[in-house]
Every structure is written in structure tokens, then in C-alpha cells.
Amino acid sequence: AQKVTQAQTEISVVEKEDVTLDCVYETRDTTYYLFWYKQPPSGELVFLIRRNSFDEQNEISGRYSWNFQKSTSSFNFTITASQVVDSAVYFCARRVDTGFQKLVFGTGTRLLVSP
Amino acid sequence: SAVISQKPSRDICQRGTSLTIQCQVDSQVTMMFWYRQQPGQSLTLIATANQGSEATYESGFVIDKFPISRPNLTFSTLTVSNMSPEDSSIYLCSATSGVDYTFGSGTRLTVV
């Protein structure tokens, strides 16, 4: 099975701490896409980033950064100087590049940022 | 990216009844998907909605329980039939025409 694993079920930090959310994926494809989504308590899914397998450059967007390493099949997400508004469930997902190109989601990591 | 309008946003339903959820996309999309998210869980794909043909269901989901329509490239419905409390979940639709995947805001369903 081409799974996405998020081993951390829940992480609690205090505001201004840095936090890294782990994501490990399985794939037999040479070309694939990986995603991160945020789900705040309101329930909607907020798109954060898409990365294709050809682009191993790390990316930084404000307080967010992503570390993509094909050698370890990992796509980790770091929030720098966390804020209370970062409290949410974060999902890592990958696109299955056969058939209908559906997204397969990890189990999610609940991040709690306290003041 | 496309924008999806999903409704209703929430509902409380009696067991044994059915609820139809609608998703309207503001542009034509290739694929639409329906997901279920049970309380505290991840998203599980129910089916892929194909325009002009029957939906393709994932293992564990059947058409009689979750009939889906996709009459055109911008609209799809999911019906949750003969509901039981175990169907209480968030249901989300998603759409894509390539590498961008957009999600509706979700329908929070409670069955009593």
C-alpha cells in the first residue's frame, strides 16, 4: 500500500516555540506530488503547499518551512515561532498517480499551541 | 484554483432518513471526489465522481448507501442514505483539474 504516515498524533507547544511535524510516505512512482493541509477547528481544509518529486529544494514561506528528502521518503513541516492561531490538525497527503489521481491522507497531527 | 461551494454546512438528521449534499465548483474540473472524516480521524475517500458515468467507489463504500451524481463538470451530489448514528461525520468534496486540489468547506452531519 502506498501509505502516508504521520507518527505524531498530537503535539503541544508553548507559543514562540518551533515545532516540526513529520511525514513519511511510501511510493513506487518516480513522479509524484505531496501536499500539506491545515484543518482548523472550523473544519475546512486549508491548502499549505504542494511539492513534486523532482523538486527537492526546501521551501520557506514566512514562519513555515518544508524539508523534502527523497532519500528518506520524508516531507517534514516546520513552524517557527508558533502562535496560538497555528493550533489545528495538519495533514500530509500524496497523490496516487494511477487511475483517478486521488489524494491519500496521513492520519494527521493535532498541534496545540498554548499562550 | 477553483472555489467550491458546499451545502449544507451542517445538519442534524433522524436515523433512517437520507441527506443529499451538494458541491458547486466555480469552474469546470476534471475530477471530483467525496471524502468522509469521522470524528477525530483522517479523511477517507468514499468515491470518485465521474462526469457522465457512475461513480467509482473505494473498498468499503457502496452505491446503495452513498449514491453520487455528477451531471456536469461543475456540480456533484452525495447522498447519505438510511442514516444511522455511525454516519455522523464531516463529509467533504474535492475537485481537481491537475495538480491543484480544492476542498469544499465540509458538511458536518449528526445523526440522532
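Quantities reported herein were computed from a predicted structural model and do not represent experimental measurements. Naming: A, B, ... by sequence-line order, numbering from 1 per chain.
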To the closest 0.5 Å, what do you measure between [atom1] ([X]) and [atom2] ([Y])?
{"X": "E44(A)", "Y": "S9(B)", "atom1": "CD", "atom2": "OG", "value": "11.5 Å"}
{"X": "S94(B)", "Y": "K102(A)", "atom1": "OG", "atom2": "NZ", "value": "13.0 Å"}
{"X": "Q101(A)", "Y": "T48(B)", "atom1": "CD", "atom2": "OG1", "value": "10.5 Å"}

Legend entry - L103(A) side chain reached by F33(B) side chain, heavy atoms, under 4.5 Å: no
Inset, instruction - Find out whether Y101(B) and F35(A) are in side-chain contact, i.e. whether some heavy atom of one side chain is under 4.5 Å from a heavy atom of the other. - result: yes
Chain B contacts: which residues in [range] have a non-hydrogen atom closer than 4.5 Å to it?
{"range": "residues 49-75 of chain A", "value": "R50(A)"}
{"range": "residues 104-115 of chain A", "value": "F105(A), G106(A), T107(A)"}
{"range": "residues 89-96 of chain A", "value": "F91(A), R95(A)"}

Inset, instruction - Counting only heavy atoms closer than 4.5 Å, note whether D100(B) contacts chain A via side chain, backbone, both or neither. - result: both
Legend entry - Region of L43(B) that comes under 4.5 Å of a non-hydrogen atom in chain A: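 L43(B) touches chain A through backbone and side-chain heavy atoms alike.
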Applying the 4.5 Å side-chain criterion to the ILVMFWY set and letting contacts propagate, would [X] and [Y] be lumped into a single cluster?
{"X": "F66(B)", "Y": "V111(B)", "answer": "yes"}
{"X": "Y37(A)", "Y": "I4(B)", "answer": "no"}
{"X": "V13(A)", "Y": "W36(A)", "answer": "yes"}
{"X": "L45(B)", "Y": "M32(B)", "answer": "no"}
{"X": "L19(B)", "Y": "L78(B)", "answer": "yes"}

Legend entry - Neighbourhood of chain A inside residues 56-63 of chain B, taking heavy atoms under 4.5 Å as contact: T56(B), E58(B)
Inset, instruction - Can you tell which part of Q39(A) gets under 4.5 Å to a heavy atom of chain B, answering side chain, backbone, both or neither? - result: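 Just the side chain, heavy atoms under 4.5 Å.
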Inset, instruction - I would like to know whether N50(B) and F100(A) meet side chain to side chain contact (heavy atoms under 4.5 Å, CB included); could you show each step before the answer? - result: CA-CA 9 Å; N50(B) 308 305; F100(A) 299 114; 3.4 Å; yes
